[in-house]
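These notes are about the structure you will find just below.
Small disclaimer: the values here were computed from a predicted structure and weren't measured. Lettering of chains follows the sequences in order, A, B, ..., and the numbering in each one begins at 1.
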Amino acid sequence: MNLFEEISQLVKETLKVITKRPESFNRTSLEKITIEPPRLAAYGDMATNAALVLTSKNDSPRDLAQELAIKLTKDKRILKAAVAGPGFVNLKLSLDCWHHVLKAILSDGDNFGRSNFGAGKRVNIEFVSANPTGPLHVGHTRGAVFGDALGNLLSFAGYRVTREYYINDAGAQIEALARSVYFRYLQAIGKKVVVDDMDYPGEYLAPVGEALAQQYGDKWADQPEQVWLKEIGDYAGDIMMKKIQEDLASLGVKMDVFFSEKSLYGTGRIEAALKQLQEKGLIYEGILDPPKGKFIEDWERREQTLFKSTEHGDDVDRPLKKSDGTWTYFAPDIAYHFDKIARNFDILIDVLGADHGGYVKRMKAAVSALSDGKVSLDTKLIQLVRLQKNGRPFKMSKRAGSFVTLRDLIETVGAGVTRFVMLTRKNDAPLEFDFDKALEQSRDNPVFYVQYANARVVSIFRRAKEEGIPITDDMLRNADLSVLNHEMEIAVLRKLAEWPRAVEMAARSNEPHKIAFFLNELAGEFHRLWNLGSDDSNLRFIQPNDIPASQSKIALVRAVSIVISSGLGILGVTPLQEMR
RNA sequence: GGCCCCGUAGCUCAGCUGGAUAGAGCGACCGCCUCCUAAGCGGUAGGCCACAGGUUCGAAUCCUGUCGGGGUCGCCA
């Protein structure tokens, strides 16, 4: 059930009947027709720009609009159609129509708002992909929440979603991790060591060193690096990865695939991917110019292996090998994306930190080249999180080893609050995360505001039971809805009817924050109606001594609860039954 | 210097593939509890949508340029 879709069909069919110039109905102008809630509620329930879009230069849009309006009123669902402004047609829908929407929501239940928008297309969302060198911090958390919610959103909208984590377990950072752990190991077996230059000085590595000491005693105490580097690196990386998975689990994020960068090395997979590019003539040996405007001290002109990414929209060609002959980060990442393409995804989405912005073009170029433009790569850059507490910002520094971790967040505010707050901003805007605000119980805190609405809903159900009002799904579905005729009750229904549209728009742009904003609006409509009950007892949901009227009103409440639950479900937040 | 993101009310931010008189919360001011949770609701005040051009019947939205803030720029990932 999607009311906007239904009215849109009606408008388009009506237009076909009345137009004298069918040739002006090319596909593009039909696609430009919108059916949307008007800016002002006073205009009506829906507005369409059809006449404006379809009128050719010399005709008056208002004439076509007028004709359209007259024809539309013939439909039962349309109570009133009026021409306004330059040629909009504002529609007022019949009470019956709204009641029909409510019945549809009740019978669709959890499925209300689901759609086939994605047409079963296969989407791969790669997110988090943090180096396994330490616990996840706040920045990773935002990426994790975003990716996971996007996954939920796209599933809801009819895509087949795979959530994926790329483990960077092959680069220099793992060796750095190994050295840091080695320090901790030496400490654990009682050696005096000077800890002044560790890459990862965080305390969290101390237990790893101790575990090594337990297992191996002083076996590695006086050994040179090449003896232990790889083994300790693998060992520590595995432990860190387990911790990361625990962190993700505590946030409610479950990956479908963990893809190891290491698995690309020594298996010919990098070479195979690059061969694809080679065959398209996109790989060559060449010399890059140093970046302009930025002085690099030890710049040396050097011939190296380059990917001709400029052929696919990048600004400069990109190196695939470092000066020591090993691969750059880019090379295995090309192989990784080649693997994703080979796994037959229709759409790839990479969720990256904002500091990877400079990486986007080359990766898109690679995907475009490898798939001959058949697979699209969408990148979502996640901006920084600024943490605040008591009005004062605090800093994160990985080098100092002191940073706010995902675990800190969950322990202080909980997973649900963390997730919701992080989804109240679009991904490309910086997010201010205030610990105090997140826990505050007020209108200013959107998490609370939405949860409070849900708690009120639940309290109505509870009260109804106490009053002996039967509210099974079946009874609500068959309730006589004619008592639902107040403007504010319709306003709630109007918002509910927008839900499928909101889902589609959020999915279209890969923007789960739109769901959070929608829920905030829906909660607002509901709180408003609730409060009207104190002025006018006829608007209370529970009508003493009138079971049928109570059931009708509770049917509306049930619909609100269905949509709030669905919406929170997409965000990955558990609805609260009561506030404490 | 190149590239990417951002600039909307005093503050924090929405604004849907271009659409009507640009919205919400906070803060300020004025109201609403004998009544389903007042942890809420109503109202008032507050704007040259950074600036300048362009496209269009129509621009906060699209294009170009300028200014301001952030990110990034071979051998980090």
| message | Just to be sure I follow the notation: if a pair is Watson-Crick (purine N1 to pyrimidine N3 plus N6-O4 or O6-N4) or a G-U wobble (N1-O2 and O6-N3), each under 3.5 Å, what dot-bracket string does RNA chain B give, with | for pairs to another strand? | response | (((((((..((((.....[...)))).(((((.......))))).....(((((..]....))))))))))))....
Quick one: do the [X] and [Y] side chains pair a donor with an acceptor below 3.5 Å?
X	Y	answer
A:H337	A:D350	yes
A:T326	A:D324	yes
A:D317	A:T310	yes

[X] has an atom [atom1]; how far is it from atom [atom2] of [N], in whole Å?
X	N	atom1	atom2	result
A:F448	B:U37	CZ	P	14 Å
A:N427	B:C5	CG	P	12 Å
A:K380	B:C6	NZ	P	10 Å
A:I460	B:C35	CD1	P	15 Å
A:Q388	B:C11	CD	C1'	12 Å
A:D314	B:C4	CG	P	11 Å
A:K495	B:A24	NZ	P	12 Å
A:D315	B:G1	CG	C1'	13 Å

Pick the [atom1] atom in [N] and in [M], then give their distance to the nearest Å.
N	M	atom1	value
B:G40	B:C48	C1'	37 Å
B:C63	B:C26	C1'	36 Å
B:G65	B:G19	P	24 Å
B:C13	B:C32	C1'	28 Å
B:G69	B:C30	C1'	38 Å
B:C11	B:C4	P	29 Å
B:C51	B:G10	P	13 Å
B:C41	B:G68	P	42 Å

Determine yes or no for a side-chain-to-main-chain donor-acceptor pair under 3.5 angstrom, with [X] supplying the side chain and [Y] the backbone.
X	Y	answer
A:T48	A:T34	yes
A:N427	A:L381	yes
A:S550	A:Q543	yes
A:Q551	A:P470	yes
A:D169	A:K262	yes
A:R62	A:G85	yes
A:Q451	A:L576	yes
A:N445	A:K437	yes
A:R318	A:F307	no

What does [range] look like as a protein-contact string, B for base, S for sugar-phosphate only, - for none, at under 4.0 angstrom between heavy atoms?
range	result
nucleotides 17-22 of chain B	B-BBBS
nucleotides 41-49 of chain B	SS-------
nucleotides 66-77 of chain B	-----SSBBB-B

| said: On RNA chain B, does the nearest nucleotide to A:L431 precede the nearest nucleotide to A:W530 from the 5' side, or the other way round? Give the residue. | reply: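 Its nucleotide being nearer the 5' end, the pick is A:L431.
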| field | N/O (side chain, A:K426) to phosphate O (OP1/OP2, B:A14) under 4.0 Å | value |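 For A:K426, the contact criterion (side-chain N or O under 4.0 Å from OP1 or OP2 of B:A14) is met.
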| task | Verify the contact: side-chain N or O of A:S534 to OP1 or OP2 of B:C32, cut-off strictly under 4.0 Å; return yes or no. | result |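 No, A:S534 has no side-chain N/O under 4.0 Å of OP1/OP2 on B:C32.
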| Do A:K321's NZ or CZ and the ring of A:W327 fall within the cation-pi criteria of under 6.0 Å and 45°? |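 Positive - A:K321 is close enough to the ring of A:W327 and near enough to its axis.
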| query | When you measure from the centre of the six-membered ring of A:F4, is the NZ or CZ of A:R501 under 6.0 Å away and within 45° of the axis? | reply |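 So A:R501 does make the cation-pi contact.
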| message | If the condition is ring pair (Phe, Tyr, Trp, His ring centres under 6.0 Å), which residues does A:H527 pass it with, not counting sequence neighbours? | response |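 A:H527 satisfies ring pair (Phe, Tyr, Trp, His ring centres under 6.0 Å) with A:Y449, A:Y452 once adjacent residues are dropped.
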| said: In terms of relative ring orientation, are A:W530 and A:F541 parallel, tilted or perpendicular, with 30° and 60° separating the classes? | reply: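 Taking A:F541 first and then A:W530, their aromatic rings sit tilted (interplane angle of 30° to 60°).
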| query | How about A:R425 and A:Q383: do any of their side-chain heavy atoms sit closer than 4.5 Å? | reply |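 A:R425 vs A:Q383: side chains apart.
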| message | If you take any heavy atom closer than 4.0 Å to RNA chain B, which residues from residues 535-556 of chain A end up in contact? | response |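 Output list: A:R540, A:F541, A:I542.
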| Which part of the nucleic acid does A:A455 contact within heavy-atom distance under 4.0 Å: base, sugar-phosphate only, or nothing? |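 Base contact.
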| Anti or syn - B:C26, cut at 90° from 0 |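 With its glycosidic angle more than 90° from zero, B:C26 counts as anti.
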| Test log, rule salt bridge (Lys or Arg N to Asp or Glu O under 4.0 Å), inputs A:E521 and A:K495 | CA-CA 8 Å; A:E521 287 164 15; A:K495 188 47 84 178; 2.7 Å; yes
